[in-house]
Amino acid sequence: MDVLGNYKSAISARSTDKDILKKSQDGGIITTLFAYALEEGIIDGAIVAGPGDEPWKPEPMVVTTKAELLASAGTRYTISPNLSLIKEATRSYGLDRVGIVGTPCQIQAVRKAQLYPIGMRDVDDKIALALGIFCMENLSYQALEAIVEDHCNQKMESIKKMDIGKGKFTVYTERGAVSQMPLKLIHKYVQPGCNVCLDYVANLADISSGSVGSPDGWSTVFVRSTKGNAVWDGAIAAGCFETKPIDQVKPGLDLVTKLATEKITKNQKNVDARKTVGLKADGTPKGLRNPYESP
């Protein structure tokens, strides 16, 4: 089993755009790719996780300019239902070429919608660029709030940045304070669906990216599809990124592989356990009782 999925190339990279780097979580890969794709007409707009009404609560939004992209840059460690805007992006906004960013499960949903467009007619062929982000697990907003305020003892509205790495969840406040908690304490807050997910690196995206494997301020990038390859090559030619060979940076793909393997191995056990629900001791199905027959 290839835990990293199929890919054409793996690179360590960061944006050359200083405005994007100021706002980005790590290397600014997703924001820069969408900015390039907008400028080149590869997409007419993109569906991203933008700022919501409450601090650090994302809301899906359609962006059509670099300024709007910058306003949505950075990671928010909670759910943003980006796919809910696909129809609106094509119909209300009239976009013919849509970019979308999502977690591995969301990218899987995009591909399923393209394969089986029931309820998505005239929309599936308008998804022009799907970018994925690495994800071990996700949180509800209420869980994130509890982690920040109860465990890290900070107010949500005072937080400047959140980060996950080196076994810790870290928050940085506007006034320069830093609070941390061990990642192992987060697991009880994780969304139930995350416990059966077998994808860490967004295998089905055109391009997927995350901080793991690259130095601070850089991101690891997997270029996966023919479309993704064309966009990446164009962005490189346009000077959008500086890059390093992934085998020349630390910790490199070994750490990405390790974490992907841990996620898949752990969650495969949950998937297998679910298969036994409703089975007799000998492994045969119990079957459902016919309500029209006497017991």
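Residue numbers count from 1 along this sequence.
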[X]-[Y] co-clustered via ILVMFWY side chain contacts under 4.5 Å:
| X | Y | value |
| --- | --- | --- |
| Leu129 | Leu69 | yes |
| Leu185 | Ile159 | yes |
| Tyr7 | Val249 | yes |
| Tyr141 | Val148 | yes |
| Ile133 | Leu204 | no |

Calculate, to the nearest 0.5 Å, the distance between atoms [atom1] and [atom2] belonging to [X] and [Y] respectively.
| X | Y | atom1 | atom2 | result |
| --- | --- | --- | --- | --- |
| Asp199 | Ser208 | CG | OG | 8.0 Å |
| Gln191 | Leu139 | CD | CG | 7.5 Å |
| Leu95 | Lys126 | CG | NZ | 10.0 Å |
| Met136 | Ile186 | CE | CD1 | 12.0 Å |
| Thr170 | Lys161 | OG1 | NZ | 10.5 Å |
| Cys152 | Lys168 | SG | NZ | 10.5 Å |

**Q.** Ion pair Lys112/Asp124, N-O distance below 4.0 Å
**A.**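 No salt bridge links Lys112 with Asp124.
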Q | Glu262 with Lys258: basic N within carboxylate O range, under 4.0 Å | A | yes
For residues [X] and [Y], report the shortest heavy-atom separation together with the two atoms involved.
| X | Y | answer |
| --- | --- | --- |
| Val62 | Ala89 | CG2-CB, 4.0 Å |
| Ser72 | Arg76 | O-NH1, 3.1 Å |
| Ala10 | Ile246 | O-CG2, 3.6 Å |
| Val221 | Ser209 | CG2-OG, 4.0 Å |
| Leu83 | Ala109 | CD2-CB, 3.3 Å |
| Ile11 | Thr243 | CG2-CB, 3.6 Å |

Can you check whether [X] reaches [Y] side chain to side chain, under 4.5 Å on heavy atoms?
| X | Y | answer |
| --- | --- | --- |
| Tyr77 | Phe169 | yes |
| Val231 | Glu40 | no |
| Phe134 | Thr103 | no |
| Ile127 | Val110 | yes |
| Phe34 | Val48 | yes |
| Asp247 | Leu253 | no |
| Glu149 | Lys155 | yes |
| Leu144 | Met156 | yes |

[X] atom [atom1]: more than 12 heavy-atom contacts under 6.0 Å:
| X | atom1 | result |
| --- | --- | --- |
| Asn6 | CG | no |
| Ile118 | CD1 | no |
| Lys266 | NZ | yes |

So, does [X] use its side chain to make a donor-acceptor pair with the main chain of [Y] at under 3.5 Å?
| X | Y | value |
| --- | --- | --- |
| Asn267 | Cys194 | yes |
| Tyr172 | Asp163 | no |
| Asn270 | Asn195 | yes |
| Ser211 | Ser219 | no |
| Asp206 | Ala130 | yes |
| Ser179 | Val171 | no |
| Arg224 | Ala202 | yes |
| Ser24 | Gly27 | no |
| Asp44 | Arg97 | yes |

Q.
Let's go through Leu38 and Ile43 carefully: what are the C-alpha distance in whole Å and the side-chain angles of both, what is the deciding distance for side chain to side chain contact (heavy atoms under 4.5 Å, CB included) to 0.1 Å, and is it a yes or a no?
A. CA-CA 5 Å; Leu38 280 171; Ile43 60 174; 3.9 Å; yes
Q. Does the side chain to side chain contact (heavy atoms under 4.5 Å, CB included) test come out yes or no for Lys160 and Arg175, once each step is laid out?
A. CA-CA 9 Å; Lys160 179 181 180 182; Arg175 302 185 67 175; over 6 Å; no
(Q) Run Asp17 and Lys22 through salt bridge (Lys or Arg N to Asp or Glu O under 4.0 Å) and show every step you take. (A) CA-CA 9 Å; Asp17 188 314; Lys22 287 177 186 175; over 6 Å; no
Can [X] and [Y] be counted as having a side-chain donor-acceptor contact under 3.5 angstrom?
| X | Y | value |
| --- | --- | --- |
| Gln114 | Arg111 | yes |
| Ser214 | Thr220 | yes |
| Thr265 | Gln268 | no |
| Asn82 | Ser80 | yes |
| Thr173 | Gln154 | no |

Q) Can a cation-pi geometry be assigned to Lys263 and Tyr200, taking NZ or CZ under 6.0 Å from the six-membered ring centre and within 45° of the ring axis? A) no
**Q.** Derivation of the side chain to side chain contact (heavy atoms under 4.5 Å, CB included) call for Thr257 and Leu4
**A.** CA-CA 7 Å; Thr257 302; Leu4 301 182; 3.4 Å; yes
Q: For a ring-ring contact (aromatic ring centres under 6.0 Å, His included) with Phe241, tell me which candidate from Tyr36, Trp232, Trp218 qualifies.
A: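 So the option named by the test is Trp232.
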(Q) Using the rule given for side chain to side chain contact (heavy atoms under 4.5 Å, CB included), can you reason through Tyr189 versus Ile147, listing the C-alpha separation, both sets of side-chain angles and the distance that settles it, and then say yes or no? (A) CA-CA 9 Å; Tyr189 293 105; Ile147 289 166; 3.8 Å; yes
